[in-house]
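Worth saying up front: this structure is predicted, and the values here are computed from it rather than measured. Computed from heavy atoms alone, side chains included, the values below leave out hydrogens, waters and symmetry copies. Residue numbers begin at 1 in each chain, while the letters A, B, ... track the order of the sequences.
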Number of protein chains: 2
Amino acid sequence: MPNNKPTPVTMDAVYTAPGYLFRRMQQIAVALFIEECKAFDLTPVQYAALVTISTHPGIDATRLSAVIAFDRSTLGNVIERLQAKEFIVRKPAPEDKRVKLLYLTKAGAAVLSDIMPSVDKAQARMLQPLKPADRKTLLALLTQLVDLNNEASRVPLRAEDALEHLGRSG
Amino acid sequence: MPNNKPTPVTMDAVYTAPGYLFRRMQQIAVALFIEECKAFDLTPVQYAALVTISTHPGIDATRLSAVIAFDRSTLGNVIERLQAKEFIVRKPAPEDKRVKLLYLTKAGAAVLSDIMPSVDKAQARMLQPLKPADRKTLLALLTQLVDLNNEASRVPLRAEDALEHLGRSG
DNA sequence: ATTTAATTGACAGTATACTGACAATATGGC
DNA sequence: GCCATATTGTCAGTATACTGTCAATTAAAT
């Protein structure tokens, strides 16, 4: 005969779900970043954008979005804020009137090099509670998992594709 | 003599940062949840709130926030949306005019029991790419890490404290 | 009991995220 | 060259998150 007992719902339906744990860790990661970097007025997303513009001067917003796997719509606002803080400039591309190319300003390069130690400290702090060997294991598995799930996100990482048009034949 | 070479910034400053990886996994987790559960019109946060109200009928918003470690301000809007969908009701507490107690409606209980298999499928899918042993390892380390970093988040998990006032002496 | 503290829900402001749409512009097929 | 298609940046709408504030209310201090 069928089992008609309703499955009892417990908080384990939340606490043991990997999605819940990833959400918690993301919140913790942001909190630690903000705390360590509060002197620099940069968010984690803004930091990632700055790094990418630094390593790919003249990148445009769409390619930037692909290189860090952030949503293109969201990135518009991020870029505006970085521009308002005068950490980057936008220049129209001469050969394509739709495109605006992104470059670091001197202030942007300065803040990026200044913030690095604090970013590193924040990244170290969030893994600190684990034993060193466990940190390595977690980081390796996490890197694998993100990579293997790349296509599942709305904006998959496309670092190679995005670079094809930059600094080469064109 | 001092080393004046500027540290070359590479994309590793982003790609290997645990904070970046947690952000990516969180986005992937949400995308998979939404995809698997699109028939139910529930977000991951709304699901967690529903589960908690189901296991703690009569909980108030502040304690709900502590039990799932979500921001209290944010939760106000979440509760409003759940109420608009008629999955929960809010009743004023007789002994404290500030408090509004939360209860599942029949529709809320139904959607919760209906959505469970899809939630489980989404949770399984995000770990699927890993070998079974690696899934266990990752989940164990992640659970540890969230727990050990509990105080670092703005809204630490306070499941026990939050329960003290419910269904007991009062 | 009256002043003081803390709590609760609400709100305003900022910052990610995603969906879907749009105009301007480029590019391809023909 | 023209037309269908694709790309780029932008915008409106919704949903988390966090900061800080506030009025109403309750609890604590004395």
Starting at atom [atom1] of [X], determine the distance to atom [atom2] of [N], rounded to an integer number of angstrom.
X        : N      : atom1 : atom2 : result
B:Tyr20  : C:dT16 : OH    : P     : 15 Å
A:Leu64  : D:dT8  : CG    : P     : 13 Å
B:Gln27  : C:dA15 : CD    : C1'   : 14 Å
B:Asp71  : C:dG13 : CG    : P     : 18 Å
A:Ile59  : D:dT7  : CD1   : C1'   : 16 Å
A:Lys100 : C:dT25 : NZ    : C1'   : 13 Å
B:Leu102 : C:dA10 : CG    : P     : 10 Å

If each of B:Ala61 and A:Phe70 is mapped to the nucleotide of DNA chain C with the nearest heavy atom, which maps nearer the 5' terminus, i.e. the 5' end?
-> B:Ala61
Table of protein N/O atoms under 3.5 Å from nucleotides 21-28 of chain D N/O atoms:
unit_1, atom_1, unit_2, atom_2, d
D:dT25, O2, B:Arg98, NH1, 3.3
D:dT26, OP1, B:Lys97, N, 2.7

Near DNA chain C, which residues from [range] have a heavy atom under 4.0 Å away?
range                       : answer
residues 115-122 of chain B : none
residues 41-50 of chain A   : A:Thr43, A:Val45, A:Gln46
residues 75-93 of chain A   : A:Val78, A:Arg81

For residues 93-104 of chain B, run the donor-acceptor check on the side chains, cut-off 3.5 Å, and write out each pair with its distance to 0.1 Å, sequence neighbours left out.
unit_1, atom_1, unit_2, atom_2, d
B:Asp96, OD1, B:Arg98, N, 3.0
B:Asp96, OD1, B:Arg98, NE, 3.1
B:Asp96, OD2, B:Arg98, NH2, 2.9

Applying a 3.5 Å limit to both distances, which nucleotide forms a Watson-Crick or G-U wobble pair with D:dT26?
-> none
Heavy-atom side-chain proximity of [X] to [Y] below 4.5 angstrom:
X       : Y        : value
B:Phe70 : B:Val78  : no
A:Cys37 : A:Thr43  : no
A:Thr16 : B:Gln123 : no

Holding to side chain to side chain donor-acceptor pair (under 3.5 Å), I want the full list of residues that pass it with [X], two or more places apart in sequence or in another chain.
X       : value
B:Lys85 : B:Gln46
A:Gln26 : none
A:Gln83 : A:Arg90

Could you give all pairs that pass the salt bridge (Lys or Arg N to Asp or Glu O under 4.0 Å) test and reach residues 114-129 of chain A, with sequence neighbours left out?
-> A:Glu35-A:Arg125, A:Glu36-A:Arg125
Is there a donor-acceptor pair closer than 3.5 Å between any side-chain N or O of B:Thr52 and the backbone N or O of B:Ala48?
-> yes
Please work out if A:Thr74 contacts a base, only the sugar-phosphate, or nothing of the nucleic acid, heavy-atom cut-off 4.0 Å.
-> base
Where does C:dA5 land, syn or anti, given syn is within 90° of 0?
-> syn
Any chance you could measure B:Ser118, atom OG, to B:Ile34, atom CD1, to the nearest 0.5 Å?
-> 12.0 Å
CG on A:Leu112 to CG on A:Leu50, rounded to 0.5 Å = 5.5 Å
Could you tell me which residues satisfy side chain to side chain contact (heavy atoms under 4.5 Å, CB included) with A:Thr105, sequence neighbours excluded, listed by chain and number?
-> A:Val89, A:Ala107
Go through the structure and list residues passing side chain to side chain contact (heavy atoms under 4.5 Å, CB included) with A:Ala29, not counting sequence neighbours.
-> A:Met126
Pairs under 3.5 angstrom only: tabulate donor-acceptor contacts from the side chains of residues 127-143 of chain A to other protein residues two or more places apart or in another chain.
unit_1, atom_1, unit_2, atom_2, d
A:Arg135, NE, A:Leu127, O, 3.3
A:Arg135, NE, A:Leu130, O, 2.9
A:Arg135, NH2, A:Gln128, O, 3.2
A:Arg135, NH2, A:Leu130, O, 3.0
A:Thr137, OG1, A:Ala133, O, 3.0
A:Thr143, OG1, A:Leu139, O, 2.7

Between A:Val99 and A:Ile34, who's closer to the 5' end of DNA chain D by nearest nucleotide?
-> A:Val99
